[in-house]
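Please read the structure below before turning to the comments.
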Amino acid sequence: MAAAGSLQNLLKLGTKIVGVGRNYAAHAKELGNAVPKEPVLFLKPTSSYLENGGTIEVPHPLNSLHHEVELAVVIGQKARDVPQNTAMNYVGGYALGLDMTAREIQSVAKSAGLPWTVAKGQDTFTPISSVLSMSMVPDPDDLELWLKVDGEIRQKGSTRDMIFKIPYLISHISSIMTLFEGDVILTGTPQGVGPVKVGQKITAGITGLVDVHFDVGKRQKPGTSLA
């Protein structure tokens with residue numbers, strides 16, 4: 001288990017980000033999806049992380065991305081075939097994460113039966129807070145998540161509404177792939193997802209624990225100069 005002093009280095013150790021789709025019933029319904037009978041999983045690369053205060057880059061030719069605010073579970077030790085009743089022993093900490101999504105690209109991929117990687121895995125598409133210790137989060141099943149765009153509330157929901165809880169997710173995912181120290185599980189987003197455009201600002205947080213802020217800019221085209 002990572003020591004408290006090395007909490008902020010946990011994310012640098014991770015090998016992957018495991019996203020959980022449609023883990024809040026209201027969010028599944030707002031996008032016209034059925035509520036799943038088992039977790040919908042997808043992978044994001046760690047190269048998509050963006051530290052607090054950074055700029056989310058909207059790739060050409062898009063002008064907006066969709067915001068999805070999520071509780072991130074940071075794994076503290078190697079986990080494989082973990083039973084639910086001991087799953088929480090493998091948690092190293094928590095963070096607030098955003099799963100930025102190019103919805104137009106995702107919609108095309110979904111209709112064609114293709115993966116979501118291009119829609120969710122690009123650079124800066126996983127803005128994330130500092131890591132919170134376990135002692136700071138005594139009850140991860142009762143946290144309020146919120147997100148604002150230009151000061152206007154867009155998302156507000158509670159982790160108590162997650163369909164699949166954290167122990168189940170760790171057990172289920174570790175039965176499919178080994179989770180390593182520093183890996184992150186993005187546990188899903190509450191309802192209210194929507195577009196954020198170039199030039200706007202995102203603020204988000206876990207009420208009473210942490211908040212983050214990010215600008216939204218245009219990704220520079222290859223071969224062009226800022227000068």
Closest non-hydrogen atoms of F214 and E51, given as atom of the first, atom of the second and distance, are CE2-O, 3.1 Å
Residue pair T189 / E68, side-chain donor-acceptor N/O under 3.5 Å | no
For the atom pair CD1 (I17) and OG1 (T126), what is the distance rounded to the nearest 0.5 Å?
-> 4.0 Å
Hey, does L179 have a side-chain heavy atom less than 4.5 Å from the side chain of Y90?
-> no
Contact check, side chains of V73 and L169, non-hydrogen atoms, under 4.5 Å = no
Hey, mind stepping through K201 and D150 against salt bridge (Lys or Arg N to Asp or Glu O under 4.0 Å) and telling me if it holds?
-> CA-CA 5 Å; K201 295 180 184 296; D150 287 345; over 6 Å; no
Give the cluster check for V118 versus L62: same hydrophobic cluster or not, with ILVMFWY residues linked at side-chain heavy-atom distances below 4.5 Å.
-> yes
Is the CD atom of Q84 crowded by more than 12 outside heavy atoms at less than 6.0 Å?
-> yes
Are the side chains of I185 and I75 in touch, meaning some heavy atoms are under 4.5 Å apart?
-> yes
Atom pair CZ/CG of F42 and L186 - distance to nearest 0.5 Å = 6.5 Å
Answer whether the closest heavy-atom distance between the side chains of V69 and W146 falls below 4.5 Å.
-> no
Should P190 and K156 count as side-chain neighbours, where that means a heavy-atom distance under 4.5 Å?
-> no
Any donor-acceptor pair under 3.5 Å linking the side chain of K44 with the backbone of F125?
-> yes
Would you indicate whether the side-chain heavy atoms of Y168 and I163 approach each other to under 4.5 Å?
-> no
Where do V74 and V91 land on the side-chain contact (heavy atoms from CB on, under 4.5 Å) test, with the steps shown first?
-> CA-CA 6 Å; V74 187; V91 177; over 6 Å; no
Non-hydrogen atoms of P115 and A109 that approach each other most closely | O-CB, 3.4 Å
Hydrophobic cluster membership, M162 vs L132, 4.5 Å side-chain cutoff | yes
Is there a donor-acceptor pair under 3.5 Å between the side chain of S47 and the backbone N or O of D123?
-> no
Any side-chain heavy-atom pair from P36 and F164 closer than 4.5 angstrom?
-> yes
Does K197 NZ have over 12 foreign heavy atoms under 6.0 Å away?
-> no
From L98 atom CG to L65 atom CG, the distance as rounded to the nearest 0.5 Å | 11.0 Å
Given T46 and T15, is the side-chain contact (heavy atoms from CB on, under 4.5 Å) satisfied, shown in steps?
-> CA-CA 7 Å; T46 56; T15 65; 5.9 Å; no
V149 with I153, same ILVMFWY side-chain cluster at under 4.5 Å | no
Taking atom CZ of R154 as the centre, does the number of heavy atoms from other residues, nucleotides or ligands within less than 6.0 Å exceed 12?
-> yes
Ion pair present between D183 and K16, side-chain N to carboxylate O less than 4.0 angstrom?
-> yes
Spacing of F180 atom CZ and Q77 atom CD [to the nearest 0.5 Å] = 12.5 Å
Are V193 and W116 linked, directly or through other ILVMFWY residues, by side chains that come within less than 4.5 angstrom of each other?
-> no
Answer yes if the side chains of H67 and Q155 hold a donor-acceptor pair under 3.5 Å, and no otherwise.
-> yes
So which of V58, T124, I56 actually passes side-chain contact (heavy atoms from CB on, under 4.5 Å) with M100?
-> I56
Do you know the tightest heavy-atom contact between P140 and Y94?
-> CG-OH, 3.4 Å
Answer yes or no: is there a donor N or O on one side and an acceptor on the other, between the side chain of S171 and the main chain of P167, under 3.5 Å?
-> no
Taking all heavy atoms of E104 and all of S64, pick out the closest pair and write down the distance.
-> OE1-O, 4.3 Å
Find the distance between CE (M88) and CE (M134) and round it off to the nearest 0.5 Å.
-> 5.0 Å
Flag the pair V196 / H66 as yes when at least one side-chain heavy-atom distance between them is below 4.5 Å, and no otherwise.
-> no
Test item: side-chain donor near acceptor, N52 and S129, under 3.5 Å = no
Is there a path from I170 to L43 through hydrophobic residues (I, L, V, M, F, W, Y) whose side chains come within less than 4.5 Å of each other?
-> yes
Are the side chain of D211 and the backbone of A204 linked by a donor-acceptor contact shorter than 3.5 Å?
-> no
Write down the atom of K165, the atom of D141, and the distance for their closest heavy-atom approach.
-> CD-OD1, 4.1 Å
Distance col, row M177:CE vs R80:CZ, nearest 0.5 angstrom, shows 12.0 Å
Under 3.5 Å: donor-acceptor pair, side chain of S174, backbone of V82 | yes
All heavy atoms of T187 vs all of N23, minimum pair found to be O-ND2, 2.8 Å
Worked verdict on S133 versus L7 for side-chain contact (heavy atoms from CB on, under 4.5 Å) = CA-CA 7 Å; S133 68; L7 269 181; 3.6 Å; yes
Within the distance-only criterion (no hydrogens, no angle test), does the side chain of T101 pair as donor or acceptor with the backbone N or O of R103 below 3.5 angstrom?
-> no
What's the verdict on side-chain contact (heavy atoms from CB on, under 4.5 Å) for V40 and V20, showing C-alpha distance, side-chain angles and the deciding distance?
-> CA-CA 6 Å; V40 176; V20 181; over 6 Å; no
T207 side-chain N/O to G205 backbone N/O, donor-acceptor pair under 3.5 Å = no
